[in-house]
**Q** 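First the structure, which I've put down as C-alpha cells, then a few questions once you've had a look.
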Amino acid sequence: MALLEVKNLEVYYGVINALKGISFEVNEGEIVTLIGANGAGKSTTMQSIVGLIPKRSGTVIFDGKDISHTPCHKIVHLGMTQVPEGRRIFQELTVYENLLMGAFSIKDTSGFKRDLDAVYTRFPRLAERKNQVAGTLSGGEQQMLAMGRAIMSHPKLLMLDEPSMGLSPLLVDQIFEIIKDIHKDGTTILLVEQNAGKSLAISDRAYVLENGSIVMNGTGAELMASETVKEAYLGG
Amino acid sequence: MITLIDGLSLGSIYALIALGYTMVYGIAKLLNFAHGDVIMVGAYAIMVTLSYSLSPWVAVVVAAILCTVLGMLIEKIAYKPLRGASPLAVLITAIGVSYFLQGAAQIIFGSQSIPVGVAWKLPAVSAINKLGVSTAAAVTLISGVIIMSILTLFIKYTKTGRAMRAVSEDRGAAMLMGVNVNGIITITFAIGSLLAAFAGMFYLLQIPNTQPTLGAMPGITAFTAAVIGGIGSIPGAMVGGILLGVVEKFCLSSPLAPYTVAIKFSLLIIILLVKPTGLLGKVSREKV
Ligand SMILES: Nc1ncnc2c1ncn2[C@@H]1O[C@H](COP(=O)(O)OP(=O)(O)O)[C@@H](O)[C@H]1O
Ligand SMILES: [Mg+2]
C-alpha cells in the first residue's frame, strides 16, 4: 500500500499554474526521487503536500488518512517530516536547541536523550558544536543539522528538498551516504534533486517533473538508462 | 546618582512596555499601536477596583487578568482576520483599536482625569528614602528587573519560549516542526499585555491619575525605545527602554528640561542614522 499518495495536485501562484495536476505515490520502505530542472515545480510539490503553501485542488493521502486540508503544523505529528529547500535551520538557536525544536512534536520526552545521542553519533560534528549558534555552522554542517532535526521527530516519511544544494562534491557524497543510512534504519524517503545521477542511483523509483507536470516515471535504473533523461538531466 | 536610579526606574517601565511591542513585532510581524492603551485599561481597572475599597493586591490581580485577556481579544478580533493582509491595513486597524479603547474609556469614565485612590501608594521606607530615592522608584526598579529576568529565562529555557524564538526567525520552518503559530501569537499578545499591566501599575505610582489618553505618551516612548533597541529584539527593548528612561530623567533635572521630549525622539533619529536596524537589531530575512 502506498504510504503517500498524491492525486491531481494543482498549485497556482496568483495566475501562474506551477503544478498542473500531478499524481504520484511513495510506497512504504522506498526511496522515491522527483527530478526536474530549476523551476519545474519540485519545491512547490514538497511544500504543498505539507500545507506550507495552499493547494488549488487535488488530494494527498498519507498513511491511509486524507491530509489534503490538514494544517501544516499538524503534519509532523502524523509522521511526515520535511527538510525544506535551503535547510532553514534556526540560525539564532544553538545546535542543541535546533534539535530540541526537531522533537517539538514528540509528547513523550522519555526517549529524547536516546534520540539526541543517536543524532550526535550519526553526526559527530554536531556533537562538537552543540552549544554553538547554528548560523555559525558551515553549509555541510547546516545540512546535517537540518537532517538531524528532522530525524528527532521520528518520521515514517522523510522529505528532503535538494539536500545536496550548494555543497562540495565530497560533502554531497557524504549526504547521499547519510540518506541511504537513514533509509536502511526503516524510514521511507521522498527526495527532490537536481543532482539526478546520484539520486537516481539510490532510488527505487523516480518521477521526472517538467513545467509542473510529471512527464516520465520508472525505476531509478530505468530512468538512468533512458536517453531522454540522460540528455536532459545527466549531462548527455 | 539619585537621578540615575529614578531614570533606571522610569526606564524599566518603558522597557516593560517596549517588550510588548517588540515581541509582537518579532513573532506576528505587526506593530500593535493599541499596546499603549492596554496600560490605560489596566490603570482604570486599578482605579475601579480600589473604588470598591478592595485591597491593592486585588487591584493588581484584576488589572493583570483584564489586560492579559484584553490583549488576547485584540489579537483574535482585530488582527487574526487580517493575517496575510497588507501591512497598511493592519496598521490602520491598530490605530482603530487604539481609538476604540480610548473612546470606550471616555464614554464610561469621561475625559477628565480621575485620581486612582489613596490606597495606591507605597509606604515610606526610611532606609531607602533617606538616600533620596522614593519607595515607588525602588519598587519599580526591583520589580522591573525581576519581571524581565523571569521573561528572559522563560524565552531561553522553556519549550514555548524556544518555539517563540523559532517562529520569530522562520515561521514556516517552525510549522514544519509542529509549532502552532496561531497559538504562539496568542501567547505573545498575552505576555505583552501582562507586561503592559505591570507597567501601568508602576506608572500609576508615579502619576496617580487615570485618563483615557494615559497610555499614549508612555506607549509612543516605549515604541521608540523598541525601535532604538532594534524592533524584534528582546534585549534591545530592555536596553532601549532603560536608555530612554535615564535620558529623560537626566534631561528633566538639567537646564535642557524643556527640550526633554525633543531630545528623546532625536535620539531615535540619531541611532537609526548610525545603525538603521537599531542597537541590537538584525537584518530580517523573509521566508514562506
Ligand atoms: N512564491 C512564488 N511566487 C510566484 N511564483 C513562484 C513562487 N515560488 C515558485 N514560483 C514559480 O513556480 C515555479 C516552480 O517553482 P519551484 O517549485 O520552486 O521549482 P523547483 O523547486 O523545481 O526549482 C517556478 O516557475 C517559479 O518561478
Ligand atoms: Mg526547488
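So that the names make sense, note that chain A is the first sequence line, chain B the second, and so on, each numbered from 1. The shown structure was predicted, so the numbers you read here are calculated from the model rather than taken from an experiment.
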**Q** What are the two closest heavy atoms between Gly178(B) and Phe104(A), and how far apart are they?
**A**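 Taking every non-hydrogen atom into account, O-CE2, 3.5 Å.
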
**Q** Please determine whether the number of non-hydrogen atoms from other residues, nucleotides or ligands lying under 6.0 Å from atom CZ of Phe154(B) exceeds 12.
**A**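 Count over threshold, so yes.
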
**Q** What part of Ile75(A) is in contact with chain B, defined as an atom under 4.5 angstrom from a non-hydrogen atom: side chain, backbone, both or neither?
**A** neither

**Q** What is the minimum heavy-atom distance between Val50(A) and Leu176(B), and which atoms define it?
**A** CG2-CD2, 3.7 Å

**Q** For atom NZ of Lys20(A), is the number of surrounding heavy atoms from other residues, nucleotides or ligands below 6.0 Å larger than 12?
**A**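 Yes, NZ of Lys20(A) has more than 12 neighbouring heavy atoms, counting only those of other groups under 6.0 Å.
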
**Q** Taking atom OH of Tyr157(B) as the centre, report whether more than 12 heavy atoms of other residues, nucleotides or ligands fall under 6.0 Å from it.
**A**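 Open: at most 12 neighbouring heavy atoms sit under 6.0 Å from OH of Tyr157(B).
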
**Q** With a cut-off of 6.0 Å (strictly less than), are more than 12 heavy atoms of other residues, nucleotides or ligands near CG of Asp117(A)?
**A** yes

**Q** Give, as side chain, backbone, both or neither, the part of Ile106(A) having an atom under 4.5 angstrom from any heavy atom of chain B.
**A** backbone

**Q** Identify the two heavy atoms, one from Met101(A) and one from Ala166(B), that lie closest to each other, and give their separation to 0.1 Å.
**A** CE-CB, 3.6 Å

**Q** For Gln132(A), I'd like to know if atom CD has over 12 heavy atoms of other residues, nucleotides or ligands within 6.0 Å.
**A** yes

**Q** Does any backbone or side-chain atom of Arg87(A) lie under 4.5 Å from a heavy atom of chain B? Answer side chain, backbone, both or neither.
**A** neither

**Q** Could you walk me through whether Arg88(A) and Glu169(B) pass salt bridge (Lys or Arg N to Asp or Glu O under 4.0 Å), step by step?
**A** CA-CA 10 Å; Arg88(A) 292 170 68 170; Glu169(B) 194 182 323; over 6 Å; no

**Q** Only one of Ile184(B), Val179(B), Asn180(B) clears side-chain contact (heavy atoms from CB on, under 4.5 Å) with His73(A); which?
**A** Asn180(B)

**Q** With side-chain contact (heavy atoms from CB on, under 4.5 Å) as the test, pick out the partner of Leu100(A) among Met177(B), Arg162(B), Lys159(B).
**A**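 It is Arg162(B), the one option of Met177(B), Arg162(B), Lys159(B) that forms the side-chain contact (heavy atoms from CB on, under 4.5 Å) with Leu100(A).
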
**Q** How about NZ on Lys76(B), more than 12 heavy atoms from neighbouring residues, nucleotides or ligands closer than 6.0 Å, or not?
**A** no

